[in-house]
Peer 1: 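There's a structure below that I have some questions on.
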Protein chains: 2
Amino acid sequence: MNLETVILGFLNMEPMSGYDLSKRIDSSVGFFWHATHPQIYGTLKKMIADGYVTFDHEIQESGPARKVYTITGEGKQFLLEQLPTIEPHLVKFPLLVTMFLGSELGLEFWRKALVDQIEEQEEMLQVYYTILKEIPKVGSSQDLGGYLRKRTLDFGIDYQKFFIKWLKHTLKEIKQ
Amino acid sequence: MNLETVILGFLNMEPMSGYDLSKRIDSSVGFFWHATHPQIYGTLKKMIADGYVTFDHEIQESGPARKVYTITGEGKQFLLEQLPTIEPHLVKFPLLVTMFLGSELGLEFWRKALVDQIEEQEEMLQVYYTILKEIPKVGSSQDLGGYLRKRTLDFGIDYQKFFIKWLKHTLKEIKQ
DNA sequence: TCGAGCATGTAAATGGTTACATGATTGC
DNA sequence: GCAATCATGTAACCATTTACATGCTCGA
């Protein structure tokens with residue numbers, strides 16, 4: 001899975017601009033995939049050349065014309081080829097690596113670091129709760145898409161809870 | 001945090017070769033940081049130029065001479081500067097992204113995909129349990145390093161359990 | 001004898017971040 | 001007036017992967 005596939009997946013829901021893609025990716029799968037705007041604009045350019053997307057200018061009263069991208073037949077075909085091959089996940093987790101390597105930083109450092117982390121992660125959890133309230137309830141049990149999307153949000157929330165619990169447990173044991 | 005810092009952290013425990021680093025990183029923080037061997041050899045080369053490490057040839061009866069790298073004073077200073085700044089974690093999690101984007105793949109696909117994932121993740125869990133049995137019990141409560149390292153392994157195990165539970169729950173709900 | 005593990009590396013390509021660059025609108 | 005949001009993009013650099021390249025040893 002690469003950014004091309006992710007972008008095609010979103011354009012497969014509805015046509016949108018590079019700016020929209022950036023916001024949408026961030027606020028939905030942001031926890032599972034991160035992409036910056038230069039990366040998105042660059043990839044869209046490449047995908048035009050590949051014939052996976054087309055675009056139309058959407059003139060606005062103010063500011064530059066939005067480029068609204070639409071997935072093509074070829075794009076859709078590519079998407080459906082790519083999606084089923086689920087690759088293993090990649091992680092860079094500096095906190096845990098630092099824990100493994102950084103006992104020299106001392107007890108006081110770790111106490112404070114853990115307190116800070118707990119605070120940060122609890123803020124993140126609140127953000128997810130807010131999103132949860134905003135999404136529509138999954139209606140019919142026939143709606144696989146709605147169910148799967150809600151389940152990814154559940155993952156974010158439950159993971160966050162798990163992580164906070166682990167952090168608090170570690171802090172408690174370090175304190176005594 | 002970058003690979004330089006990770007390598008320096010390991011060389012700060014004991015001098016070792018690029019090959020050793022590759023194995024050690026993989027079997028300890030592999031879950032939190034991944035590095036391939038060309039990356040490690042390349043980074044070591046750069047770090048020699050920067051004066052963060054030195055090396056000695058260790059002649060063997062057979063095969064090429066091992067290059068055993070040792071951290072320098074400058075390297076140690078750089079390490080202690082870098083370690084305390086804990087950066088946010090980066091994740092690429094194709095399974096969850098695919099769930100968000102891939103309802104078109106259909107119920108049957110997802111049933112099978114989840115069953116496969118559960119199997120894979122349960123195998124990984126067994127691997128972590130094996131490592132757990134092999135590491136020495138954390139002795140004195142004074143041993144901060146031992147405690148923190150054990151705690152990173154706990155994270156791996158508890159995360160794996162959490163993930164499997166989430167997968168099984170999803171499979172159950174998808175089945176009916 | 002064949003594959004796995006030990007042990008080193010280079011080269012090309014791809015992927016990703018950071019900084020630079022522009023300019024309008026809206027709300028405080 | 002200033003910050004945030006909308007909206008586009010380029011260029012330079014840095015990080016990472018994949019393929020290529022070599023050669024020895026040990027056990028099945």
Side-chain angles (χ1 to χ4, degrees), chain A residues 1-8 15-27 29-30 32-50 52-53 55-69 82 85 87-94 97, chain B residues 1-8 15-27 29-30 32-50 52-53 55-69 82 85 87-94 97:
Chain A
M1 170 169 277
N2 54 23
L3 184 54
E4 256 169 272
T5 311
V6 177
I7 289 176
L8 286 173
M16 63 185 103
S17 70
Y19 189 85
D20 295 337
L21 278 165
S22 182
K23 298 280 138 178
R24 283 282 290 272
I25 290 173
D26 222 53
S27 63
V29 295
F32 313 118
W33 196 284
H34 179 251
T36 58
H37 85 265
Q39 222 189 327
I40 290 170
Y41 287 119
T43 305
L44 282 168
K45 196 177 171 184
K46 200 203 155 235
M47 289 163 85
I48 290 281
D50 292 342
Y52 292 161
V53 295
F55 71 90
D56 285 295
H57 284 287
E58 195 180 84
I59 312 299
Q60 303 174 105
E61 307 90 66
S62 74
R66 279 163 54 85
K67 283 190 182 175
V68 177
Y69 293 84
Q82 296 296 306
T85 66
E87 281 154 51
H89 65 265
L90 291 181
V91 182
K92 298 251 144 144
F93 206 153
V97 178
Chain B
M1 170 168 276
N2 54 24
L3 185 53
E4 256 169 273
T5 310
V6 178
I7 289 176
L8 286 173
M16 64 185 104
S17 71
Y19 189 86
D20 294 337
L21 278 165
S22 182
K23 296 281 137 177
R24 283 281 290 271
I25 290 172
D26 223 53
S27 64
V29 295
F32 313 118
W33 196 284
H34 179 250
T36 57
H37 84 266
Q39 221 188 328
I40 290 169
Y41 288 118
T43 304
L44 282 168
K45 197 177 170 182
K46 201 203 154 236
M47 288 164 85
I48 290 281
D50 292 343
Y52 293 161
V53 296
F55 71 90
D56 285 295
H57 284 287
E58 195 180 83
I59 311 300
Q60 304 173 105
E61 305 90 66
S62 73
R66 278 163 54 85
K67 282 189 183 176
V68 177
Y69 293 85
Q82 296 297 306
T85 66
E87 281 154 50
H89 66 264
L90 291 181
V91 183
K92 299 252 143 142
F93 206 152
V97 178

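Lettering follows sequence order; numbering is per chain, from 1.
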Peer 1: Classify the nucleic acid contact of B/K92 as base, sugar-phosphate or nothing, counting any heavy atom under 4.0 Å across all strands shown.
Peer 2: sugar-phosphate
Peer 1: Between B/D20 and A/W33, who's closer to the 5' end of DNA chain C by nearest nucleotide?
Peer 2: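 It is B/D20 whose nearest nucleotide is closer to the 5' end.
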Peer 1: Over 60° means perpendicular and under 30° means parallel, so classify the ring planes of B/F93 and A/H89, tilted if in between.
Peer 2: tilted
Peer 1: With a cut-off of less than 4.0 Å, is there a side-chain N or O of A/Q39 near OP1 or OP2 of C/dT17?
Peer 2: yes
Peer 1: With a 4.0 Å cutoff (strictly under), does any side-chain N or O of B/K46 reach OP1 or OP2 of D/dA15?
Peer 2: no
Peer 1: CG of B/D26 versus P of C/dC6: gap in Å, rounded?
Peer 2: 12 Å
Peer 1: Please report the distance, rounded to the nearest Å, between CG in B/L3 and P in D/dT17.
Peer 2: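 Rounded to whole Å, this separation is 10 Å.
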Peer 1: Name the residue from A/D56, A/V68, A/D20 that meets the side-chain contact (heavy atoms from CB on, under 4.5 Å) definition with A/P15.
Peer 2: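 So, applying the side-chain contact (heavy atoms from CB on, under 4.5 Å) to A/P15 and each of A/D56, A/V68, A/D20, only A/V68 qualifies.
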Peer 1: D/dA7 P sits how many Å from A/L44 CG, rounded?
Peer 2: 15 Å
Peer 1: Closer to the 5' end of DNA chain C via nearest nucleotide, is it B/L90 or B/K23?
Peer 2: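 By nearest-heavy-atom nucleotide position, the 5'-most residue is B/K23.
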Peer 1: Considering only nitrogen or oxygen atoms on both sides, find all protein atoms under 3.5 Å from nucleotides 10-12 of chain D and state each distance.
Peer 2:
{"unit_1": "D/dT10", "atom_1": "OP1", "unit_2": "A/K45", "atom_2": "NZ", "d": "3.3"}

Peer 1: For A/S17, which contact category applies under a 4.0 Å heavy-atom criterion: base, sugar-phosphate, or nothing?
Peer 2: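 Sugar-phosphate, no base atom in range.
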Peer 1: Please report the distance, rounded to the nearest Å, between OH in A/Y19 and P in C/dA24.
Peer 2: 17 Å
Peer 1: With a 4.0 Å limit, can you tell me whether A/T36 has a side-chain N or O closer than that to the phosphate oxygens OP1/OP2 of C/dT17?
Peer 2: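 Yes.
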